[in-house]
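Source: prediction; values computed, not measured. In what follows, every chain begins at residue 1, and chains take the letters A, B, ... in the order their sequences are listed.
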Amino acid sequence: MNRIDDVFTRLRTTGERALGPYFTAGDPSLDVTRRLVIEAARRGADLIELGVPFSDPIADGPVIQRAAARALANGATLVRVLETVAAIRREASVPIALMTYYNPVLAFGLEPFAEAAIKAGVDGVIVPDLPPEEADPLAEELHPRGLSLIYMVAPTSTPARMRTIARRSRGFLYVVSLTGVTGERQELPRELADQMRELRALTTKPLCVGFGISRPDQAAQVARLADGVIVGSAIVRLCEERATSSSLVEDVGDFIADLKKPLRNG
Amino acid sequence: MKRRRPSGLPDARGHFGRFGGRFVPETLMAPLIELESAYLAAKRDPKWTRRLRELSTTYAGRPTPLYFAERLTEHAGGARIYLKREDLCHTGAHKVNNVLGQGLLATRMGKKRIIAETGAGQHGVATATAAALFGLPCDVYMGAEDVERQKPNVFRMKLLGARVIPVDSGSRTLKDAVNEALRDWVTNVRTTYYCLGSAMGPHPYPMMVRDFQTVIGREARSQALRTIGRLPDAVVACVGGGSNAIGLFHAFIADRRVRLIGVEPGGRGLATGRHGASISGGAVGVLHGSMSYLLQNDDGQVTEAHSISAGLDYPGVGPEHAYYYDAGRFTFEPITDEEAVEAFSSLTRLEGLMPALESAHAVAYALRLAKTLPRTKSLLVGLSGRGDKDVHVVAKALGMTLE
Ligand SMILES: Cc1ncc(COP(=O)(O)O)c(C=O)c1O
């Protein structure tokens, strides 16, 4: 059974919401990424989004762009990110979804990538620049191996597109809360509730909301609508600010615990 | 000679064989589909196409002439060289053909703002020009490095009322300007029109920009038949993203005996790794929304392009070029910085025509090819733009300094 599906099945019975923190793999180093993920799992993260750095991250705001640039400078290639997942797997069973732009996967080769990912212990793959129209070749490699291809749905998605995405997405639907790139926002978009209502009418698959959520109070608000909350830039910024601090892993762990608190017994 | 219709590419999903497509965040998918329908509807609207033709003539200065470069031909001592004079277009390059079309489309779609990316600043100036013409506010993204290299164009854009936004991320050149324009568009897609500058990016841009540029080849083909009396033996154009080249080549695709040659920026030489030759020196991948050839390392990270010409300094190429390269219909040849500067000097001295450094790449290859052919043969070369914008770069390359 896929670990992502297990998590949502379990949380649904307890009424809890999932917390999905995002880390840019290799920032500040792959070894620290490994420790961050393990600590996150220990402090309440239900699934991890592990970002594979890319030279041209068009869906990302400045915080994650900078993290990707640092990670690339540190030599974080897709091969080494997969090795890191394998290392994490020796210590933690938290579901891991790789978040990667398409070109590194293409360069790796779709079939070799799917093989290597399942072997390393990856559970799902999110490709922000791969809409359903172009996703068949990758989906055909991932799905037979039990890896979930998780699609994003956006505020601009038409009802027909929402239906297609809802049907195709495995594991959960990644609901992009706002029209824009990743990054922290002061307020949540007002249209989110409507967007979620429309999606609920289309699918029973878990809905995880991401983009712009950076504080526990925002996580609490989203938890009223969603099955899971994804927090990226706020965590990546913390990694940036505390990169050289000896308490980095602990500080991030504390933040994860704060974010998770309002998500318990919704 | 009757002209046959070229292939019906791209297909409905924007694919040229295995190339092209739409590899963009979901947020942009519905807007791209909307853009495609708006464009197809505009194309069928006789009033809209008449307005575009009218602007092409009365505003941009079309048709541009085909000029027989007699002294350049003598200098090469072989095939006759004809120049398609896009340098005579308003704003000094073929880029205006594209922005008039897209600008008219933006107004038709009721968009309130135009954004663009620019490398050399030529597309930025052209977009700022169209924005002034259509009365729309305009933001142009430009790599911080290019803002430094192309100061006169930065100032021109400002005079035209556009805002130039320097991009400090990545390699601080055209590739990063496209990234930033895409991020702006993802954020403001409901009100903003993204005027992409070449026949690249996600569908429908490669098709749409090509369509707006094919006027170059249509004119050139009938001008060739009139002045040469037959079709040229080869057609040569420089390739950055590929818009002037696809615009010139398209009318000749069905003419099997006409060689179509794209000239890529060879920078310091392909062997040095410091070049921008995406086809001659790259591999298939996805960048900026479409599948094509691009410069990348083994891990699929996009690498920096290098060219003396800022307009060719781009690690990708439009998908239709990739398709016709694989199909064996187009060939691609690299020309180095040094060869381009030499051709710039030759054309300037021999003909009194100062080409853009981009166009000088095409001239350089044409000179090389002409030498190998008899006088009975003829070459048609795309002179995509004029070189005033490049005088300081050429001065530096020749070891001179400007005050
Ligand atoms: C004069 C000129 N020629 C050619 C190019 C390259 O673009 P493309 O390959 O789209 O024609 C540029 C780009 O700025 C240009 O300014």
**Student:** Give the minimum heavy-atom separation between Val186(B) and Val181(A), together with the two atoms involved.
**Tutor:** CG1-N, 4.1 Å

**Student:** Quick one: does Asp129(A)'s side chain have a donor or acceptor within less than 3.5 Å of a partner on Phe23(B)'s backbone?
**Tutor:** no

**Student:** side-chain contact (heavy atoms from CB on, under 4.5 Å), that's the test. Do Leu106(A) and Val286(B) meet it? Break it down for me.
**Tutor:** CA-CA 8 Å; Leu106(A) 273 176; Val286(B) 164; 3.6 Å; yes

**Student:** Does one side chain, of His203(B) or Glu133(A), offer a donor that lies under 3.5 Å from an acceptor on the other?
**Tutor:**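 On atom types as modelled, these side chains do not qualify, holding no pair under 3.5 Å.
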
**Student:** First locate atom CZ of Arg161(A), then atom CD of Glu26(B), and finally report the distance between them rounded to the nearest 0.5 Å.
**Tutor:**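 Going from CZ on Arg161(A) over to CD on Glu26(B), the span is 4.0 Å.
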
**Student:** Rounded to the nearest 0.5 Å, what separates atom CD1 in Ile33(B) from atom OG1 in Thr158(A)?
**Tutor:**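 It is 7.0 Å, given to the nearest 0.5 Å.
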
**Student:** Can you tell which part of Ser169(B) gets under 4.5 Å to a heavy atom of chain A, answering side chain, backbone, both or neither?
**Tutor:**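 Just its side chain gets close to chain A.
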
**Student:** Please flag which part of Pro155(A) lies under 4.5 Å from any non-hydrogen atom of chain B: side chain, backbone, both or neither.
**Tutor:**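 It is both, since atoms from each part get that close.
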
**Student:** If I measure from the heavy atoms of chain A, does Asp184(B) come under 4.5 Å with its side chain, its backbone, both, or neither?
**Tutor:**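 Interface part for Asp184(B): neither.
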
**Student:** Test side-chain contact (heavy atoms from CB on, under 4.5 Å) on Met29(B) and Met152(A); report intermediate values, then the result.
**Tutor:** CA-CA 11 Å; Met29(B) 283 305 290; Met152(A) 292 173 139; over 6 Å; no

**Student:** Test Asn103(A) against every option in Val284(B), Leu294(B), Leu287(B) by the side-chain contact (heavy atoms from CB on, under 4.5 Å) rule and name the one that passes.
**Tutor:**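 Going through the options one by one, the only one that passes is Leu294(B).
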
**Student:** Taking every non-hydrogen pair under 4.5 Å, which of Pro131(A), Ala68(A), Ala107(A) racks up the most with chain B?
**Tutor:** Pro131(A)

**Student:** In terms of heavy-atom pairs under 4.5 Å, which option from Pro25(B), Ala30(B), Gly289(B), Gly170(B) contacts chain A the most?
**Tutor:**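 Heavy-atom pair counts peak at Pro25(B).
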
**Student:** Tell me if the CZ atom of Arg163(B) is crowded by more than 12 foreign heavy atoms within 6.0 Å.
**Tutor:**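 Count not over threshold, so no.
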
**Student:** With respect to chain A, which residue among Glu180(B), Arg190(B), Arg13(B) yields the maximal number of heavy-atom pairs within a distance under 4.5 Å?
**Tutor:**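 Ranked by contacts with chain A, first place is Arg190(B).
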
**Student:** Atom CG of Asp176(B) and atom CG of Asp56(A): how far apart are they, to the nearest 0.5 Å?
**Tutor:** 6.5 Å

**Student:** Just checking Tyr325(B): does its OH atom have more than 12 heavy atoms from other residues, nucleotides or ligands closer to it than 6.0 angstrom?
**Tutor:** no

**Student:** Determine yes or no for a side-chain-to-main-chain donor-acceptor pair under 3.5 angstrom, with Thr27(B) supplying the side chain and Ala154(A) the backbone.
**Tutor:** no

**Student:** Could you check whether atom CZ of Arg113(B) has more than 12 heavy atoms from other residues, nucleotides or ligands sitting under 6.0 Å from it?
**Tutor:** yes

**Student:** Any donor-acceptor pair under 3.5 Å linking the side chain of Arg183(B) with the backbone of Ala59(A)?
**Tutor:**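 Such a contact is absent between Arg183(B) side chain and Ala59(A) backbone.
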
**Student:** Please state whether the side chain, the backbone, both or neither of Val105(A) comes within less than 4.5 Å of a heavy atom of chain B.
**Tutor:**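 No part of Val105(A) comes within 4.5 Å of chain B.
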
**Student:** Quick check on Val302(B) against chain A: is it the side chain, the backbone, both or neither that has a heavy atom closer than 4.5 Å?
**Tutor:**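 Val302(B) touches chain A through backbone and side-chain heavy atoms alike.
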
**Student:** What part of Pro53(A) is in contact with chain B, defined as an atom under 4.5 angstrom from a non-hydrogen atom: side chain, backbone, both or neither?
**Tutor:** backbone

**Student:** Quick one: does any side-chain atom of Gln301(B) pair with a main-chain N or O of Ser55(A) as donor and acceptor, under 3.5 Å?
**Tutor:**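 Confirmed, Gln301(B) side chain pairs with Ser55(A) backbone.
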
**Student:** Which bit of Ile58(A) comes within less than 4.5 Å of chain B, counting heavy atoms only: side chain, backbone, both or neither?
**Tutor:** both

**Student:** Tell me, for Tyr102(A) versus chain B, whether the close heavy atoms (under 4.5 Å) come from the side chain, the backbone, both or neither.
**Tutor:** side chain

**Student:** Give the C-alpha distance, both sets of side-chain angles, the deciding distance and a yes or no for side-chain contact (heavy atoms from CB on, under 4.5 Å) between Asp299(B) and Leu78(A).
**Tutor:** CA-CA 7 Å; Asp299(B) 301 315; Leu78(A) 181 49; over 6 Å; no

